[in-house]
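Okay, structure first, notes after.
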Amino acid sequence: MKATAKAHTNIALIKYWGKRDDALILPTNSSLSLTLDGFYTTTTVDFQEDLLQDRFILDNQPVEGEAYRRVTEFLDLIRRIAGKENLYADVHSTNDVPTAAGFASSASGFAALAAAGTKAIGLELSDRELSRLTRQGSGSACRSIYGGFAEWEMGNNADGSDSYAVPIAPAEHWDIRVAAVVLSSTMKKVSSRSGMKRTVETSPFYSGWVDTIPNDLLEIKEAIHAKDFEKTGSIAEANCLKMHATTLAADPPFTYWHDTTMRVMQTVQEMRENGIPAYFTIDAGPNVKVLYLPENEENIKKTLRNIPGVSDVILSKSGSGISYL
Ligand code: DP6
């Protein structure tokens, strides 16, 4: 009972930031992302009758602790749906997500685990069912089921039955690109999970964040359908700034930004003043992702690489959804 699946990571243009239910991973706002071709996880799940517990090997290293616990708890969900509660698995994953690029490998990781795990145990789920299940591993992962642009509809039900991602436009719709700007310095990280929790619980700006999301989503979807780069980019950039503003007002306050993060943000804004359309977005870490169009690739790469404190710039096209190998 073995299956292998590949999933790409995604970058949120309208961020998921806050949960209304921690256990089921139900968000307080809908979000929208672009799946990226350059960063992915490949996972093989092999359920075997004679195993007494799950095994998880990531990039050829056995994994224990918190990461192992998240994987086995997720496999428990799959076992429960399949009615095979005592069947354990050997899980082998490879991350083709440069760790330094600052992409959460949890998005591609849980999407690949969900796809391979359900297939291996003999379940046949629709994309929607798979997305709903994947959400319970890591919220942002539910959007990685689809290629191109995907929206995670927050839903209203307490059991999470209406909280899953839906496709908005496939990768072929629009050749929009993302440069991952890698910073040379690192700092102790507040995980996205604990960062969003602290913000929901303590930031007086949080309600302002939630209130503005429906309109951001409406407008960005119009812009994506019309392939309006300026509009798409400016909504995404403003949405990112709003998310990060909520953390500054949390108690205790925090920020994911470094000095180099701000230097990159300023450079992107200067590029726009010089007629090169580019927009930034930042997740729960110091690295910056820059949206650009193919005709500006060389210029973007050169300019970003020259910023002091930047160690690498990794370019990606938009990518496809889940595939089985
Ligand atoms: C800032 O999906 O990593 O990247 O659901 O707790 O696993 P959990 O959180 P996670 O959070 C991602 C937050 C974000 C924004 C986004 O991807 O939408």
Identify whether NZ of Lys or CZ of Arg in R198 sits under 6.0 Å from the centre of the six-membered ring of F254 and within 45° of that ring's axis. yes
K15 NZ to M243 CE distance, which is reported to the nearest 0.5 Å: 6.5 Å
Using the rule that Ile, Leu, Val, Met, Phe, Trp and Tyr join whenever any side-chain heavy atoms are under 4.5 Å apart, tell me whether I220 and I11 fall into a single cluster. yes
Heavy atoms of A112 and T43 approach each other most closely as CB-OG1, 3.7 Å
Is the backbone N or O of D127 less than 3.5 Å from a side-chain atom of S131, with the two atoms forming a donor-acceptor pair by type? no
Decide whether L113 and I57 are clustered together by the hydrophobic rule: side chain heavy atoms of Ile, Leu, Val, Met, Phe, Trp, Tyr closer than 4.5 Å, transitively. no
Only one of F280, W257, W209 clears ring-ring contact (aromatic ring centres under 6.0 Å, His included) with H244; which? W257
Shortest non-hydrogen separation from L51 to Y88 and the atoms involved: O-CD1, 3.4 Å
Using side chain to side chain contact (heavy atoms under 4.5 Å, CB included) as the criterion, list what pairs up with A249, not counting sequence neighbours. S203, P204, F205
Looking at every heavy atom in both Y256 and V190, which two are closest together, and how far apart are they? CE2-O, 2.9 Å
Is R79 reaching over with its side chain to a backbone N or O of N86, donor-acceptor style, under 3.5 angstrom? no
Consider only side-chain N and O atoms of N95 and T41, and report whether a donor and an acceptor are under 3.5 Å apart. yes
Examine the side chains of Q48 and D46 and answer whether a donor and an acceptor come within less than 3.5 Å of each other. yes
Using 4.0 Å as the upper bound for N to carboxylate O, is an ion pair formed by K19 and D22? no
For the side chain to side chain donor-acceptor pair (under 3.5 Å) test, which of T246, D211, T28, T247 pairs with Y206? T28
If only atom types and distance count, is the side chain of D21 paired as donor or acceptor with the main-chain N or O of L24 below 3.5 Å? yes
Shortest non-hydrogen contact from S108 toward A7: CB-O, 3.3 Å
Only counting residues at least two apart or in another chain, list the ones meeting ring-ring contact (aromatic ring centres under 6.0 Å, His included) with F229. Y279
Working to the nearest 0.5 angstrom, can you tell me the gap between L77 CG and T118 OG1? 11.5 Å
What about M154 and Y16, same hydrophobic cluster or not, with Ile/Leu/Val/Met/Phe/Trp/Tyr joined at side-chain heavy-atom distances under 4.5 Å? no
Could you go step by step and tell me if W152 and Y164 meet the ring-ring contact (aromatic ring centres under 6.0 Å, His included) rule? CA-CA 5 Å; W152 174 9; Y164 44 73; over 10 Å; no
What pairs with K242 under salt bridge (charged side-chain N to carboxylate O under 4.0 Å, His left out), at least two apart in sequence or on another chain? D216
Is it true that K227 and D175 make a salt bridge, defined as a side-chain N closer than 4.0 Å to a carboxylate O? no
NZ or CZ of K119 within 45° of Y324 ring axis and under 6.0 Å: yes
Same cluster (ILVMFWY, side-chain, under 4.5 Å), L248 and M196: no
N-O pairing of R69 and E64 below 4.0 Å: no
Using distance alone, with no hydrogens and no angle criterion, decide if S234 and E237 have a side-chain donor and acceptor under 3.5 Å apart. no
Can you see which heavy atom on A111 is nearest to which on I322, and at what distance? O-CD1, 3.5 Å
Charged N to carboxylate O under 4.0 angstrom, R55 versus D90? yes
Do I213 and L26 land in one hydrophobic cluster if side-chain heavy atoms of ILVMFWY residues count as linked below 4.5 Å? no
Donor + acceptor pair across side chains of T4, T44 (<3.5 Å): yes
Do Y292 and R177 pair up side chain to side chain, a donor and an acceptor below 3.5 Å, judged on atom types alone? no
Determine whether a donor-acceptor pair (N or O, by modelled atom type, separation under 3.5 Å) exists between the side chain of T134 and the backbone of C142. no
Ignoring hydrogens and geometry, is there a side-chain-to-backbone donor-acceptor pair from T35 to Y146 under 3.5 Å? yes
Charged N to carboxylate O under 4.0 angstrom, E297 versus K301? no
Has H173 got a side-chain atom pairing as donor or acceptor with I224's backbone, closer than 3.5 angstrom? yes
Could you tell me if S31 and R143 have a donor-acceptor pair between their side chains, going purely by distance under 3.5 Å? yes
List the steps and the verdict of side-chain hydrogen bond (donor to acceptor under 3.5 Å, both in side chains) for S126 and E129. CA-CA 5 Å; S126 64; E129 288 165 331; 3.3 Å; yes
Where do I25 and R135 come nearest, in terms of heavy atoms and distance? O-NE, 2.9 Å
Any donor and acceptor pair, going by atom type alone, linking the side chain of N157 with main-chain N or O of G160 inside 3.5 Å? no
Is a donor on one side and an acceptor on the other found under 3.5 Å between the side chain of D312 and the backbone of V181? no
Any donor-acceptor pair under 3.5 Å from D162 side chain to N156 backbone: yes
